[in-house]
Amino acid sequence: MKKMKKIFVSALTAAMFMVSGCEAPDQEIFDEIPRATGLATTDPTALAAFAAGAYKPLIGTWGAHNSLWSMHEVSSDEMVIAIKGGDWTDGNQWTRMHEHGYLPTEESIGNAWSYCFSAIGTINNTLKSFGGSQLLRAELETLRAMVYLWLIDAYGNVPIITELSTDPTPATKTRAEVYAFIESSVVNSLPLLPKQKTYTTVNWYVAQTILAKLYLNADVYTGTAQWQKAADASKAVIDGGVYSLESDYFANFKTENAGSVENIFVINYDQVNGQGFNLAQMTLHYSSQATFNLAEQPWNGYASLEDFYNSYDNADKRKNSFLAGPQFSSTGVRLKDASFESADPDGENLTFTPFISAIKPKPGNTFGSLRQQGVRVGKFQFQTGATPNLNNDFPIFRYADVLLMRAEALWRLSSGSAEALSLVNQIRSRAGVPALGALTADDLLAERGREMFAEGYRRSDLIRFGKYNNAWWEKPTSVASKNIFPIPQGQILVNTKLVQNPGY
């Protein structure tokens, strides 16, 4: 027992070096167990200790403002950050993001790039130290592939960096090359990944879900559709019988959601040890602090678009993903907005209305959006007394998504697929809405939107269904080059081998 504990301590010490950006030493680090013995272990606890540092950077800025999640959501038809008087001007970054006029100099685009490559760097450092373990290598190469899935989706053409890379200024690879790298990394790792349920770490089912996501978007990424592969990877997860739908949709997003039978892989947030998920700050009105007795005042930013909110049937249980209507304190007192605008028909009584007057000031509208306009994101539970760092774990992969991915892939192969219809109706049944009699492309996209709201997938879905460049509220028609974000200008300045994406 003592000897095994020393392995864990040594691994965790090495992980601390990695988190700080330094490589762990490559020498013998076990004082009683030979290195070869330690790296050959199949003990899950030992492997988890070795891998711990590689997962830490994922906490990063995923659930925080002004990074990858923000880009996906605000560039879609789900959410907007409207300018409210003098609030949220932010150099017009969020107006440009919504209108698809984003630039290579946007902070969010640079932050998201750094977030992903920081995670990849830490994974690579861990592989340098512990990659001699085949089981650990399979886990970490799959984890790295997941981060590259985020990169290929957002930026298209990016450098491929592994633990063997030595060039400090790696060149951009084509989207097809990155696709092949992701696929081979996961496929080669599958035989060594555990098939039992995990929660915050990679297993065989996480790997299959990564493949399903990759194959579902293969036509976008490479020009060649892979619907059958997407259907097969999704089926592998379903047939495993390890995951199932929660009877309560919102059980997946509670403050204590570790018991979810539906969440396949999550980012493990914690108000002390895993800080960074600050959705309450990002979306709630300043006065909403009294609704949840929050430790700090929210920022009154993110809201949903009226058309998206109205796409939910009133009977749809998932419509409770939004905070709408009159707002109250935790003791039931009607909340007031002392700085309400005279143009607000609700006056000082705090009321979240679906209608938003404008995204920015215009002639005849000097304030843009009213402070109270826009229904807010309430999908994740806001714990009473929460700090700006929420305890909710953020689901990256969820079983409901797997069902919808298989349904879509089967429908793409045959629009009359009975199984595809049945899978979608499973999702609708839980939501309390009537079953569909047939499926169309619009049905599939709308159902994915309602089910996956605020989980970071709407932009990708709109692109895959050919809707991303359409006009919607306060957004004109955009050009196809906006389907991928620009390479951050700051990165190109320090690495001249990077090739900017077309249209920027």
Side-chain angles (χ1 to χ4, degrees), residues 65-66 70 73-102 108 278-292 294 296-312 314 319-330 332-380 382 388 453-454 458 471-476:
H65 169 61
N66 205 17
S70 300
E73 292 295 341
V74 178
S75 64
S76 81
D77 63 354
E78 282 190 348
M79 290 191 210
V80 64
I81 304 175
I83 295 174
K84 306 170 183 69
D87 294 341
W88 288 101
T89 303
D90 288 15
N92 293 310
Q93 173 183 194
W94 300 111
T95 300
R96 288 192 296 270
M97 188 64 67
H98 181 79
E99 296 173 341
H100 292 188
Y102 28 82
S108 57
N278 58 3
L279 181 60
Q281 307 303 117
M282 293 155 62
T283 188
L284 295 178
H285 187 275
Y286 316 109
S287 299
S288 300
Q289 182 176 12
T291 302
F292 304 98
L294 300 175
E296 295 183 14
Q297 190 178 64
W299 309 332
N300 198 30
Y302 295 70
S304 180
L305 274 65
E306 182 179 15
D307 286 344
F308 187 83
Y309 172 74
N310 288 336
S311 72
Y312 289 73
N314 285 334
K319 200 166 188 176
N320 289 323
S321 295
F322 306 89
L323 297 175
Q327 300 298 299
F328 300 86
S329 74
S330 59
V333 176
R334 189 75 162 88
L335 291 180
K336 308 290 185 180
D337 181 359
S339 300
F340 73 97
E341 298 92 342
S342 60
D344 195 328
D346 296 305
E348 68 174 348
N349 288 328
L350 181 60
T351 305
F352 294 150
T353 60
F355 173 75
I356 305 174
S357 53
I359 190 174
K360 59 186 177 183
K362 300 176 181 178
N365 175 353
T366 59
F367 48 79
S369 168
L370 298 176
R371 287 160 54 106
Q372 300 183 29
Q373 289 180 332
V375 294
R376 308 309 167 91
V377 185
K379 182 171 182 173
F380 288 84
F382 298 142
F453 168 67
R458 183 64 174 175
W472 54 71
W473 177 83
E474 295 286 82
K475 173 197 171 290

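- Side chain of Q373 to backbone of L370: a donor-acceptor contact under 3.5 angstrom is found.
- In this structure, the ring pair (Phe, Tyr, Trp, His ring centres under 6.0 Å) partners of F382, at least two apart in sequence or on a different chain, are F292.
- In this structure, the side chain of R334 does not engage the main chain of G332 through any donor-acceptor pair within 3.5 Å.
- Counting only distance, with no hydrogens or angles, the side chain of N349 and the backbone of T351 share no donor-acceptor pair below 3.5 Å.
- Applying the side chain to side chain donor-acceptor pair (under 3.5 Å) test to residues at least two apart or on different chains, the pairs with a partner in residues 80-92 are D87-Y286, D90-W94.
- The backbone N or O of G347 lies less than 3.5 Å from no partner atom in the side chain of E341, so there is not a single donor-acceptor pair.
- Legend: salt bridge (Lys or Arg N to Asp or Glu O under 4.0 Å) pairs involving residues 354-371, not counting sequence neighbours, sorted by first then second residue: E99-K360, D337-R371, K362-E474.
- With sequence neighbours left out, K475 forms a side chain to side chain donor-acceptor pair (under 3.5 Å) with S478.
- Each of F352, F453, F380 was compared with F322 under the ring-ring contact (aromatic ring centres under 6.0 Å, His included) criterion, and only F453 meets it.
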Would you list the atom pairs, donor with acceptor, under 3.5 Å between side chains in residues 302-309 and any protein atom, with sequence neighbours excluded?
residue	atom	partner	partner atom	Å
Y302	OH	H65	ND1	2.6
Y302	OH	S70	OG	2.7
S304	OG	E78	O	3.1

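- For the side-chain contact (heavy atoms from CB on, under 4.5 Å) test, no residue two or more places apart in sequence or in another chain qualifies with A338.
- Between H285 and W299, the gap from one ring centroid to the other reaches at least 6.0 Å.
- Closest non-hydrogen pair, S330 versus T291, comes out as CB-O, 3.4 Å.
- Distance check, rounded to the nearest 0.5 Å: NZ of K336 to CG of L350 gives 10.0 Å.
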